[in-house]
Asks: 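Below you will find the structure I want to go over with you.
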Number of protein chains: 2
Amino acid sequence: MTRDDRPTIRDVARVAGVSKGTVSFALNGRPGVSEDTRERILAAARDLGWTPSTKARALSVSRAFAVGIVLAREPELLGADPFFPAFIAGVERTLSDRGQALVLQVVPESEEEAGYRRLADAGRVDGVFLLDLRVADSRIALLTELGLPAVSIARPDVPSAFPAVLVDDRPGIAAAVSHLAGLGHRHVAHVAGPSHFLHGSRRRRAFDEALASAGLPAGPVVEADFSAAGGAAATHTLLAGPDRPTAIVYSNDLMAIAGLSVAIEHGVAVPAQLSVTGFDNTDLAGYVSPALTSVRTDPYLWGRKAAEALLDLIDGGTVDDVPVPAAQLVIRASTAPPPL
Amino acid sequence: MTRDDRPTIRDVARVAGVSKGTVSFALNGRPGVSEDTRERILAAARDLGWTPSTKARALSVSRAFAVGIVLAREPELLGADPFFPAFIAGVERTLSDRGQALVLQVVPESEEEAGYRRLADAGRVDGVFLLDLRVADSRIALLTELGLPAVSIARPDVPSAFPAVLVDDRPGIAAAVSHLAGLGHRHVAHVAGPSHFLHGSRRRRAFDEALASAGLPAGPVVEADFSAAGGAAATHTLLAGPDRPTAIVYSNDLMAIAGLSVAIEHGVAVPAQLSVTGFDNTDLAGYVSPALTSVRTDPYLWGRKAAEALLDLIDGGTVDDVPVPAAQLVIRASTAPPPL
DNA sequence: CTGAGTTACTAAACCGGTTTGATCGAAAGA
DNA sequence: TCTTTCGATCAAACCGGTTTAGTAACTCAG
């Protein structure tokens, strides 16, 4: 029952007894159409069940009415990350209100640049979101060259003319460290994300600074890859080494949860002998044992804000950076005073 | 530096000294162009850096060169589900090879139908994937009415003219039950997903059947919602009740992991006093304590196959259902013989 | 040497909207 | 009363491709 006889603007014009142009004007709320005819046209459109063809509009106004995301992550890591789905849900919230679509592209890291080029050259999107910023991220220059508007999540460390949603991980990490310091910990370690990611390196720096401002000695930092396996390996390193820390600040929940089991295997009780904090406050954080103290972020909100900024940018406005509320520490059972 | 002077087919034609039509023929590998001119045209296109405009092609051949997914899930649940990102990664693998794009739509459940209608009416996509099938799913009729080609993940329980990727959860559940039966368990419980989801109810039925075919008595079944909170509550119900089971088969890993902590809180040792199995074999499964016995599925593969089927369907072929390998049970430390 | 059949190519129509320039009748100003 | 201006409307061009119909040159059988 593939009824391909979708009505066109021509049909609406005929039924309403006007020209195509007038229908177009009426629908886009332009002046120069009498109230009388406007209503007749709208009625005709309603009767015919006509919706303007995005394809045709896209061609004539040279807009795609869509924005894009290029994801260069391994499928497995993607699956474990709670950020991404919540973010796109937020993005969609804004987009659907404004009649825009979201085009997703998942590519191997080696094809990331090609992914953006394809999107731009084919004219598939009017702008993109810049996620997973890296240190000295080359995509900023690429997108500038391509003339593709963009909004980044967090402000890049290289000059960027694009607006950013000012996500800042530092207060969250600082809150975790200061919570631990307040409990009396003096040997605090950090399991960091990959240092070529901006959030990886920024969380790490925030950790160093928070220790210093709490008057604590610098703590050991092990770099991992945000995966469960990586978190487990890093934890093993920290617990097997000399001068075992009494607390570990993980840069995401997944690694922290994996760390919990490693501690058990090492016969280290959490939180009695080791305190642990996560980051992301995933669904699971409250339901592991002990329940995980974590930093709550709000990727859904970021998605909404980022989409608003991007659409405004595309519509020609100059857009400022977008502030967002600071992350909050959620204290649960995995943190306690250090052993005496 | 928004250089909007992208070359058009006209420019290529001029440089190559031929007409637009000939350029089009040359590029689409049609006969009627001499080898000589064809090369000249391709060279001109390369020199100018010309890529055909998807917008224009879409209009003239009335194809969107894109397929869609409408997701009607709560953002939180989405974030915790490992299926979805892996699936779209697989989809993308196929799509990018064939020059197609993926349009994503995340909507509240109440707007699901509207979501499909929008996609279809605006002509944004040429077909869609049907995920999270429900019992007596009304979307089959909807898509048929809209004339929108589709491929479903798992075969629906209502008559459907659309091809399906034959995902079957039953062997996985059966393997888990038979593993537990082999270990000597006779009191096996199940924490099911929502029964209005096809996979929820099918896993439940598979559980019942597997128990029967192992010669075991019917076990208690508690319905939950696939979330950590739901899994915890269900586990609590099972462990607090009379006639406590010696093993629990969860319908996903998230609930199983939440269940592990509830067991600890109840002073029930896993696996000594209680065996636990999950479903999905998430990244985390191997890194909780005890490591979780789980059913490994392959959503990445499903995505690839589903996309191939959908594109073939759109291209006019008649497409058969697509078989996929049965899920495998991954045995880890969370299962052991029951207490004596 | 003619007429039919190929081959290689062009001009023009078309997809379904938006946008520009022109037209026409009516109201307003001289 | 005779312009002038303005609001409402239409016809046609345009966006950048694809596709159809037509044509010129060239081959080949009779």
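A, B, ... follow the sequence lines: proteins, then strands. Residue 1 opens every chain. Note that these values count all heavy atoms, side chains included, but never hydrogens, waters or copies made by symmetry.
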Asks: Salt bridge or not for A:R6 and A:D11, using N-O below 4.0 Å?
Replies: no
Asks: Assess whether a salt bridge exists between A:R98 and A:D312, defined as any Lys/Arg side-chain N lying under 4.0 Å from an Asp/Glu carboxylate O.
Replies: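 Looking at A:R98 and A:D312, the cut-off is met.
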Asks: So if I take the C1' atoms of five pairs at each end of the helix from C:dC1-D:dG30 to C:dA30-D:dT1 and get each local axis, what angle do the two axes make, rounded to 10 degrees?
Replies: 60°
Asks: Search all heavy atoms of B:T94 against all heavy atoms of B:A307 and return the closest pair with its distance.
Replies: CB-CB, 3.6 Å
Asks: Determine, for nucleotides 9-25 of chain C in 5'-to-3' order, which nucleotides have protein heavy atoms under 4.0 Å from the base (write B), from only the sugar-phosphate (write S), or from neither (write -).
Replies: BB----BBBBBB-----
Asks: Return the set of residues passing side chain to side chain contact (heavy atoms under 4.5 Å, CB included) with A:P108 (not counting sequence neighbours), or none when no residue passes.
Replies: A:S110, A:E111
Asks: Roughly how far, to the nearest 0.5 Å, is the CG atom of A:D126 from the CD atom of A:Q100?
Replies: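 So the gap between those two atoms works out to 6.5 Å.
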Asks: Please report, rounded to the nearest Å, how far the C1' atom of D:dT18 is from the CZ atom of B:F65.
Replies: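 These atoms are roughly 10 Å apart.
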Asks: How close or far is atom P of D:dA8 from atom CD1 of A:I41, stated in whole angstroms?
Replies: 12 Å
Asks: Are the side chain of A:R124 and the backbone of A:A64 linked by a donor-acceptor contact shorter than 3.5 Å?
Replies: no
Asks: Is A:S152 close to A:F162 at the side-chain level, that is, under 4.5 Å between some pair of heavy atoms?
Replies: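 No, their side chains stay 4.5 Å or more apart.
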Asks: On the six-membered ring of A:Y116, is A:R139 placed so that its NZ or CZ lies under 6.0 angstrom from the centre and within 45° of the ring axis?
Replies: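 Here A:R139 fails the 6.0 Å and 45° test against A:Y116.
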